[in-house]
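First up is the structure itself, then whatever we jot down about it.
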Amino acid sequence: MAKFLTNREENYSQWYNDLVIKADLAENSAVRGCMVIKPYGYAIWEKIQAGLDKLFKETGHVNAYFPLFIPKSFFSREAAHVEGFAKECAVVTHYRLKNDGKGGIVVDPAAKLEEELIVRPTSETIIWNTYKNWIQSYRDLPILINQWANVVRWEMRTRLFLRTTEFLWQEGHTAHATREEAMEETMRMINVYADFAENSMALPVIKGYKSENERFAGALETLAIEALMQDGKALQAGTSHFLGQNFAKAFDVQFTDKTGKLDFVWATSWGVSTRLMGAIIMGHSDNNGLVLPPRLAPIQVVIIPIFKKPEQFSAISEKVVKIKKDLEARGISVKYDDRDNNTPGFKFAEYELKGVPVRLAIGPRDLENGTVEIARRDTLTKQLISIETITDHVVNLLDEIQKNIYTKAQTFRKENTFYLDKWEDFTRVLDEPGGFIMAHWDGTKETEEKIKEETKATIRCIPFDSPEEEGKCIYSGKPSTKRVLFARSY
RNA sequence: CGGGGUGUAGCGCAGCCCGGUUAGCGCAUCUGGUUUGGGACCAGAGGGUCGCAGGUUCGAAUCCUGCCACCCCGACCA
């Protein structure tokens with residue numbers, strides 16, 4: 001398990017924060033619980049956005065944008081929804097400041113809003129208030145819209161990427177004529193997320209249903225993907241909600257079906273956030289820093305020259321320019337680090353910290369021998385390759401690294417997933433080594449809450465692929481038909 | 001909001017208990033030189049309202065009071 005990036009080894013949280021800051025991804029801002037995403041970190045987010053956006057378009061969705069502010073009255077229309085979000089809302093009460101006459105400024109009491117505005121913690125309400133005007137007939141359906149946005153949730157405790165006060169995300173909001181179609185959409189999108197997590201982020205996930213306790217506020221069914229982090233905790237990496245007719249009823253969105261009958265519209269919503277970056281960081285990093293999957297790495301290949309004299313440098317640069325061009329022609333992003341104020345060793349360490357998948361080094365010896373030193377971030381191994389074949393080699397290697405990172409994470413998950421039947425094993429495993437626990441559950445809220453109280457573990461999901469089998473609830477001993485996924489979580 | 005901890009140069013810290021020269025160290029920065037195949041070295045230089053506001057004292061980074069911010073643990077959560 002990766003743990004010792006700094007001398008603060010006793011604490012995985014600090015290790016994580018340290019890594020985020022040192023790898024130049026983000027830092028805390030002056031605003032409570034908010035973060036500054038730095039250019040290198042944001043470049044990863046842009047890769048994530050591009051990858052997801054492509055998948056959304058392939059599944060028939062389009063992008064749109066809705067307001068940041070939500071009138072308080074909208075918010076309160078859906079009872080469960082307001083219940084779920086009320087305690088973490090930022091509220092706008094005034095629209096103007098004025099001089100206090102002492103060189104400072106104060107909120108102008110004359111500029112009090114008649115109705116307060118909520119800074120969106122999620123957009124169901126403002127969007128369904130809009131959809132009301134867009135939908136009259138079954139011919140107006142389905143509506144398949146996604147929005148890329150920022151949202152604000154005033155959490156008590158925050159953590160870079162994992163739980164910030166403001167975060168970036170996408171939220172899909174769809175409207176359908178039938179229950180079946182909406183449920184299909186809910187399922188389709190959790191599969192899109194799972195594909196992205198596994199293929200692009202190289203992170204294996206478990207798809208499943210949330211228990212009633214863990215459902216989104218206002219949803220009839222919440223589907224989720226759950227990933228295992230290297231410290232043995234689970235991370236909810238994405239959710240897709242079947243909202244039934246709850247929001248349509250709250251906002252009075254009815255349509256005329258083919259037979260001329262009025263009915264309420266069926267809804268889904270689904271989202272992933274900058275938390276995905278936290279998943280990549282905690283899922284793959286090692287003691288040398290970040291390990292980025294090639295498909296999401298802003299820099300896939302870094303080239304470092306090694307030289308003593310200016311003549312050597314120009315001879316190396318000449319070769320590098322060609323290699324860079326060839327690689328870029330194959331769609332690979334390459335950085336040539338020709339700074340002369342850092343030694344090669346410093347640069348090696350720096351790009352390892354930043355998780356760049358492949359590093360090439362070229363020095364006088366290579367010029368003589370017609371070779372390039374190629375090092376891979378995932379295994380930290382290096383070898384000499386003929387300069388003639390370097391392009392093909394890199395292309396293949398990036399693929400191999402992508403696969404290897406996934407396999408490594410998968411092996412880790414396998415080794416840290418436990419099928420347990422005894423309560424004493426359950427508590428023991430949670431403390432050391434942690435991880436995923438597959439255990440029987442009697443299906444009741446009461447048992448789930450008791451387990452949470454006693455162990456801090458929750459039901460992460462009821463996996464789709466959990467086979468039917470006879471068993472007894474690990475806590476109550478009552479009969480159960482399948483195992484569910486328990487873990488402590490972020 | 002409860003418990004613990006920390007605020008001293010861009011970053012990381014020592015000094016505080018036991019008040020007293022000019023507030024110090026490492027990294028980073030700048031200049032010059034030597035270096036460069038795994039986080040270079042030497043010499044020199046610049047950079048501080050010691051978190052903020054009061055108080056005690058001849059004298060406060062150090063003691064006292066209040067406030068603020070951040071971090072960790074809990075409750076809450078994508």
Side-chain angles (χ1 to χ4, degrees), chain A residues 6-8 10-18 21-22 24 27-34 84-89 121-122 149-171 193 210 213-217 219 222 224-227 234-241 269-279 288-289 304-310 312-313 316 337-353 359-369 371-373 375 380 382 384 452-453 456 458 460 489-490:
Chain A
T6 69
N7 56 0
R8 302 180 189 169
E10 73 287 348
N11 196 314
Y12 193 85
S13 297
Q14 294 214 345
W15 173 88
Y16 171 85
N17 258 2
D18 241 43
I21 291 164
K22 287 190 176 158
D24 218 23
E27 63 188 34
N28 286 307
S29 83
V31 184
R32 196 213 83 115
C34 293
F85 285 103
K87 22 186 210 321
E88 53 188 42
C89 286
T122 179
N150 57 340
V151 288
V152 166
R153 295 183 189 174
W154 213 267
E155 303 289 356
M156 307 226 154
R157 228 180 109 207
T158 59
R159 195 102 94 73
L160 294 175
F161 288 117
L162 294 182
R163 192 176 305 102
T164 40
T165 299
E166 178 190 10
F167 56 96
L168 305 182
W169 78 345
Q170 59 68 217
E171 44 181 331
Y193 289 152
K210 283 285 176 187
N213 270 349
E214 300 278 329
R215 251 176 231 153
F216 175 76
T222 289
I225 52 172
E226 292 284 332
L235 186 74
Q236 180 175 307
T239 48
S240 179
H241 314 291
S269 69
W270 27 273
V272 297
S273 70
T274 35
R275 174 178 266 198
L276 289 184
M277 297 180 64
N288 293 308
I304 296 171
I306 299 163
F307 60 95
K308 292 192 191 359
K309 300 176 204 129
Q312 291 172 331
F313 175 63
I316 290 165
D337 187 348
D338 58 359
R339 288 177 298 174
D340 62 357
N341 55 340
N342 293 108
T343 60
F346 180 89
K347 292 176 185 174
F348 292 171
E350 187 182 14
Y351 290 104
E352 275 164 17
L353 187 60
R359 180 184 75 229
L360 303 180
I362 304 183
R365 281 208 305 263
D366 297 300
L367 287 184
E368 253 173 56
N369 304 333
T371 56
V372 176
E373 184 189 86
L380 293 167
K382 44 192 183 182
L384 288 174
K452 187 177 176 182
E453 254 171 55
K456 307 227 184 320
T458 49
R460 299 321 304 154
S489 75
Y490 276 99

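So you know, we letter chains A, B, ... as the sequences are listed, proteins then strands, and number each from 1.
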Distance between [atom1] atoms of [N] and [M] (Å, rounded):
{"N": "B:rC71", "M": "B:rG12", "atom1": "P", "answer": "12 Å"}
{"N": "B:rC52", "M": "B:rG33", "atom1": "P", "answer": "41 Å"}
{"N": "B:rC25", "M": "B:rG3", "atom1": "C1'", "answer": "34 Å"}
{"N": "B:rU8", "M": "B:rU62", "atom1": "P", "answer": "14 Å"}
{"N": "B:rC63", "M": "B:rC27", "atom1": "P", "answer": "30 Å"}
{"N": "B:rC17", "M": "B:rC64", "atom1": "C1'", "answer": "15 Å"}
{"N": "B:rG37", "M": "B:rA14", "atom1": "C1'", "answer": "38 Å"}
{"N": "B:rA9", "M": "B:rU49", "atom1": "C1'", "answer": "13 Å"}

Output the rounded distance in Å from [atom1] ([X]) to [atom2] ([N]).
{"X": "A:Glu27", "N": "B:rC70", "atom1": "CD", "atom2": "P", "value": "14 Å"}
{"X": "A:Asp18", "N": "B:rC72", "atom1": "CG", "atom2": "P", "value": "11 Å"}
{"X": "A:Lys347", "N": "B:rG39", "atom1": "NZ", "atom2": "P", "value": "14 Å"}
{"X": "A:Glu453", "N": "B:rA75", "atom1": "CD", "atom2": "P", "value": "11 Å"}
{"X": "A:Glu350", "N": "B:rA28", "atom1": "CD", "atom2": "P", "value": "12 Å"}
{"X": "A:Ile225", "N": "B:rA78", "atom1": "CD1", "atom2": "P", "value": "14 Å"}
{"X": "A:Asp24", "N": "B:rG10", "atom1": "CG", "atom2": "P", "value": "19 Å"}
{"X": "A:Tyr490", "N": "B:rC76", "atom1": "OH", "atom2": "P", "value": "17 Å"}

Check the pair A:Thr122, A:Arg153 against side chain to side chain contact (heavy atoms under 4.5 Å, CB included), reporting the backbone distance first and the verdict last. CA-CA 9 Å; A:Thr122 179; A:Arg153 295 183 189 174; 3.7 Å; yes
All side chain to side chain donor-acceptor pair (under 3.5 Å) counterparts of [X], not counting sequence neighbours:
{"X": "A:Glu226", "value": "A:Lys210, A:Arg460"}
{"X": "A:Asp337", "value": "A:Arg339, A:Tyr351"}
{"X": "A:Ser269", "value": "A:Glu124"}

Of the listed nucleotides (B:rG39, B:rA78, B:rG74), which one gets closest to any side-chain atom of A:Phe346?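 Between B:rG39, B:rA78, B:rG74, the one nearest the side chain of A:Phe346 would be B:rG39.
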Checking contacts here: which listed nucleotide (B:rC76, B:rG38, B:rA75) is nearest the side-chain heavy atoms of A:Lys87?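 For A:Lys87, the side-chain atoms sit closest to B:rC76.
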Would you classify [X] as touching base, sugar-phosphate or nothing, given that sugar-phosphate means primed atoms plus P, OP1 and OP2, and contacts are heavy atoms under 4.0 Å?
{"X": "A:Ser273", "value": "base"}
{"X": "A:Arg359", "value": "base"}
{"X": "A:Thr164", "value": "base"}
{"X": "A:Phe216", "value": "nothing"}
{"X": "A:Gln236", "value": "sugar-phosphate"}
{"X": "A:Leu162", "value": "base"}

Stems formed with participation of RNA chain B [Watson-Crick or G-U wobble, under 3.5 Å, three or more pairs]: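 Consecutive-pair runs (3 or more) involving RNA chain B: B:1-7 with B:68-74, B:10-13 with B:24-27, B:29-34 with B:40-45, B:51-55 with B:63-67.
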[X] side, atom [atom1]; [Y] side, atom [atom2] - distance, nearest 0.5 Å:
{"X": "A:Thr458", "Y": "A:Asn213", "atom1": "OG1", "atom2": "CG", "value": "9.5 Å"}
{"X": "A:Phe313", "Y": "A:Ile362", "atom1": "CZ", "atom2": "CD1", "value": "11.5 Å"}
{"X": "A:Glu350", "Y": "A:Ile304", "atom1": "CD", "atom2": "CD1", "value": "8.5 Å"}

When you check the gap from the basic side-chain N to the acidic O, do A:Arg365 and A:Glu373 get nearer than 4.0 Å?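 A salt bridge is absent here (no side-chain N lies under 4.0 Å from a carboxylate O).
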Quick one: the side chain of A:Lys382 and the base of B:rG38, do they pair up donor-acceptor inside 3.5 Å?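 Indeed there is one.
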Ring geometry between A:Trp270 and A:Tyr193 (parallel below 30°, tilted from 30 to 60°, perpendicular above 60°):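 Ring orientation, 0 to 90° scale: perpendicular.
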Can you tell me which residue among A:Lys22, A:Arg359, A:Lys382 is in a salt bridge (charged side-chain N to carboxylate O under 4.0 Å, His left out) with A:Glu352?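 Among A:Lys22, A:Arg359, A:Lys382, the one meeting salt bridge (charged side-chain N to carboxylate O under 4.0 Å, His left out) with A:Glu352 is A:Arg359.
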How about A:Ile21 and A:Leu160: do any of their side-chain heavy atoms sit closer than 4.5 Å?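 A:Ile21 vs A:Leu160: side chains touch.
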Does NZ or CZ of A:Arg275 fall inside the cone over A:Phe167's six-membered ring, less than 6.0 Å from its centre and within 45° of the axis?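 Because its charged atom misses either the 6.0 Å distance or the 45° angle limit, A:Arg275 does not stack over A:Phe167.
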Does A:Arg159 make a cation-pi contact with A:Tyr16 (under 6.0 Å, within 45 degrees of the axis)?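 Yes, A:Arg159 lies over the aromatic ring of A:Tyr16.
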Please give me the minimum heavy-atom distance between A:Ile316 and A:Gly363, naming the atom from each residue.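 For A:Ile316 and A:Gly363, the tightest heavy-atom pair comes out as CD1-CA, 4.0 Å.
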Footprint string (nucleotides 42-47 of chain B, 5' to 3'): B base within contact, S backbone only, - free, heavy atoms under 4.0 Å: ------
Tell me which of A:Thr165 and A:Arg159 sits closer to the 5' end of RNA chain B, going by the nucleotide each one is nearest to.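 With A:Thr165 and A:Arg159 compared, the 5'-side residue is A:Arg159.
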Phosphate OP1/OP2 of B:rC72: any A:Asn17 side-chain N/O under 4.0 Å: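 Answer yes for this pair, as a side-chain N or O of A:Asn17 is under 4.0 Å from OP1 or OP2.
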For nucleotides 34-37 of chain B, list the nitrogen or oxygen atoms of the protein found under 3.5 Å from its nitrogen or oxygen atoms, one pair per line.
unit_1, atom_1, unit_2, atom_2, d
B:rG37, O6, A:Gly363, O, 3.3
B:rG37, O6, A:Pro364, N, 3.2
B:rG37, O6, A:Arg365, N, 2.5
B:rG37, O6, A:Asp366, N, 3.2
B:rG37, N1, A:Asp366, OD2, 2.5
B:rG37, N2, A:Asp366, OD2, 3.1

